[in-house]
There are 2 protein chains.
Amino acid sequence: MTTIYDIAKLANVSAMTVSKVINNTGSISEKTKAKVRRVMEELNYVPNQMARGLVTQQTRLLFLLITDITNPFYTTLARGAEDAARKYGYRLLFGNSDESLEKESGYLDTILGARADGVLFSPAGDRSLPHLQKLRKQKIPFVLLDREVPGMDCDVVLGDSKEGAKLLINHLAERGHRRIALINGSSEISSARLRAQGYAEAHKLNDLELNEDYVLETDYTSHQDLRVMSGWLDRLSPRPTAILACNNILASEAIETIRAKGLKVPDDISVVCFDDLGYMSRISPFLTVIAQQAYEIGYLGTQLLIERIQDKDGQRPWKKLILPVELISRSSVADISGQG
Amino acid sequence: MTTIYDIAKLANVSAMTVSKVINNTGSISEKTKAKVRRVMEELNYVPNQMARGLVTQQTRLLFLLITDITNPFYTTLARGAEDAARKYGYRLLFGNSDESLEKESGYLDTILGARADGVLFSPAGDRSLPHLQKLRKQKIPFVLLDREVPGMDCDVVLGDSKEGAKLLINHLAERGHRRIALINGSSEISSARLRAQGYAEAHKLNDLELNEDYVLETDYTSHQDLRVMSGWLDRLSPRPTAILACNNILASEAIETIRAKGLKVPDDISVVCFDDLGYMSRISPFLTVIAQQAYEIGYLGTQLLIERIQDKDGQRPWKKLILPVELISRSSVADISGQG
DNA sequence: TTGTACGCGTTATCAG
DNA sequence: CTGATAACGCGTACAA
């Protein structure tokens, strides 16, 4: 591949002159600049970022690790991160951990090996802690997105999970629901814990009875979810009149489970969940959801990260941003306040 | 950051020995290996891939460039690519060009600069040709996904767009539709052209009249789409009884447009499109679609790419894989064969 | 305004 | 089995 030496030879200058032209450092006559640039064009020269990074000790590369690339919440978040990165002159690369600690670890090696300048990290769960510690030890700045990890002080940007759960329960309670089940993600995920808390608190506020059987903990994205849900729902007696699913995928699984039993949503069971479905909601405005500001979480997180990178070894305190959520009411909830 | 020299010093060996332990090259006594490994653990050592890549001239990094990260078609494709890459010991990074040649060009620089071993490329359109030529000139192997680019001979993996369009038109024709509009993507995108062809051919086969006014060409993902569609639909007289949208996003916009006029889908206008909605289809099994084998396109494309990479300067012919599509019939099509 | 020497962290080559 | 040396492509510091 072409190097600055190839360019230098053809342009009859030294390699250093080429380097200076590329980086606009030092002072080079317009004439030489033009000449060098012409040769670079001809040879389709692209600076080797590895060599460059090796000497400058920075890559201007940001890395975004998300846990589910098929979830509109994360892809919208990615868009926000991308826009912010672009604005500040950084490049952004994505990785998808698929909720797996193992895959996460693989991406960590990629990140560490590539010496990314910073990382936007949506951790698979609390057990991601060692991964974060690794990052910290190598002094690579990172910002947690969507999920916190106990034991790690750092910048975080979150949606207001607890408040979201409360809004959802209130919404259901207002419509006469008193038996509301919760299909939660793993309790090793901070947002799932917060949502469970909101669920519980809202129950007290609305004077609803809490029933442990009504709470199901699942892995996100598990292929077993459907089977587990089905058995769980069968065992529930009396049947809940509503289900709060902790993300859109769980909601889709819940709906499939319900329908497989010949029941209808919302006639027999209402379903609400966290995270909107992007433009898919336009096609069938069905699910009542808590919409998080996904784009903003990505955008603000990236800004925070870049500030950290640029204010090297500055000792200002960690920031924790909690963005408000919004309830979008559609048609997956039945009003049963007239009955019973 | 820790280097092999730090390790070497602490382990009382030379840097070379450390390198050999890392790469399992040469022969090192088990004892030294163990010692070196212990020190690496302690210091959380991660090899610098930049330095490594500089000397080995390979990165074992693959790059996947997609045009819309929020579209389930591409994210499913990404999953397939990821799995294949992992299987063969490569790392996969994503970029999102957002249908923009400019952003695509930015990612191209990243890819070229990072000296990726290979690229999975879903081009923004025909005008991506110079980008591909750049890649070719630098001898970086690539495989085109989902879209071809005229003038560029290379490996390609596609869904069968023409056949898909035909299936959709046949499906509509069988249900009595004779005025079917087409909302297409830019004619600078190969898949859009093929879909238009399939649309036209199926019209002839079904003895339907072709009406140019019934064909709308849009940018994918344009914010203007909604306004344009609205005006276009108003001008159509008589109104089409069905619309074929060339991807799921266009379909969502079409549906929104239709509903904004107080019309119903499918009662007043039926809507079908390309690409399924992933798990979202479970929530509301509404849209009748042509499902492409997104996962397989990603997986096979990656396999093809890796073969190319490993069989360096082999002169075997380019492969063009066209994967079959499947029509999934749901409820966005009305049967009007009984009426007039 | 331009060029030389050196080092970034690693591996290939070859010598011990 | 282990180590010294050069080289990968580039930028910094300094010299010319």
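Protein chains get the first letters and strands the later ones, always in sequence-line order, with residue 1 at the start of each.
For residues 109-136 of chain B, the set of pairs meeting the salt bridge (Lys or Arg N to Asp or Glu O under 4.0 Å) definition, not counting sequence neighbours, comprises Asp109(B)-Lys134(B), Asp126(B)-Arg193(B), Arg127(B)-Glu188(B). Among residue pairs with one or both ends in residues 33-45 of chain B, those qualifying as salt bridge (Lys or Arg N to Asp or Glu O under 4.0 Å) are Glu30(B)-Lys33(B); sequence neighbours excluded.
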Using a 3.5 Å cut-off and no angle test, enumerate the donor-acceptor pairs between side-chain atoms of residues 140-154 of chain A and protein atoms at least two apart in sequence or in another chain.
{"residue": "Asp146(A)", "atom": "OD2", "partner": "Tyr74(A)", "partner atom": "OH", "Å": "2.8"}
{"residue": "Arg147(A)", "atom": "NH1", "partner": "Glu99(A)", "partner atom": "OE1", "Å": "3.2"}
{"residue": "Arg147(A)", "atom": "NH1", "partner": "Pro123(A)", "partner atom": "O", "Å": "2.9"}
{"residue": "Arg147(A)", "atom": "NH1", "partner": "Ala124(A)", "partner atom": "O", "Å": "3.2"}
{"residue": "Arg147(A)", "atom": "NH2", "partner": "Glu99(A)", "partner atom": "OE2", "Å": "3.0"}
{"residue": "Glu148(A)", "atom": "OE1", "partner": "Lys320(A)", "partner atom": "NZ", "Å": "3.4"}
{"residue": "Glu148(A)", "atom": "OE2", "partner": "Lys320(A)", "partner atom": "NZ", "Å": "3.1"}

Give the table of side-chain donor-acceptor pairs shorter than 3.5 Å for residues 20-29 of chain A, with sequence neighbours excluded, one pair per line with atom names and distance.
{"residue": "Asn23(A)", "atom": "ND2", "partner": "Ser19(A)", "partner atom": "O", "Å": "2.8"}
{"residue": "Ser29(A)", "atom": "OG", "partner": "Thr32(A)", "partner atom": "N", "Å": "3.2"}
{"residue": "Ser29(A)", "atom": "OG", "partner": "Thr32(A)", "partner atom": "OG1", "Å": "2.3"}

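In terms of the side chain to side chain donor-acceptor pair (under 3.5 Å) criterion, residue partners of Ser128(B) (sequence neighbours excluded) are, by chain and number, Glu104(B). Qualifying side chain to side chain donor-acceptor pair (under 3.5 Å) partners for Asn12(A), counting only residues two or more places apart in sequence or in other chains: none. Listed by chain and number, the residues in a side chain to side chain donor-acceptor pair (under 3.5 Å) with Lys87(A) amount to none (sequence neighbours excluded). Shown here are the side chain to side chain donor-acceptor pair (under 3.5 Å) partners of Tyr88(B), two or more places apart in sequence or in another chain: Gln303(B). By the side chain to side chain contact (heavy atoms under 4.5 Å, CB included) test, Lys137(A) pairs with Asn44(B), sequence neighbours left out.
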Checklist entry - What string of B, S and - do you get for nucleotides 3-16 of chain C 5' to 3' if you count protein non-hydrogen atoms under 4.0 Å? => result BB--BBBBBB----

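Taking five base pairs at each end of the helix from dT1(C)-dA16(D) to dG16(C)-dC1(D), the local helix axes there meet at an angle of 40°, rounded to 10°.
The residue Ser29(A) sits close only to the backbone: its heavy atoms come under 4.0 Å of sugar-phosphate atoms, none of a base.
Here chain B contacts DNA chain D (any atom closer than 4.0 Å to a heavy atom, that is under 4.0 Å), and the contacts span dC1(D) to dG9(D) from 5' to 3'.
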Next on the checklist: Checking Asp155(A) against Lys319(A) for the salt bridge (charged side-chain N to carboxylate O under 4.0 Å, His left out) test, could you report, in this order, the C-alpha distance in whole Å, the side-chain angles of both residues, the deciding distance, and whether it holds?
Outcome noted: CA-CA 5 Å; Asp155(A) 294 314; Lys319(A) 272 191 194 168; over 6 Å; no

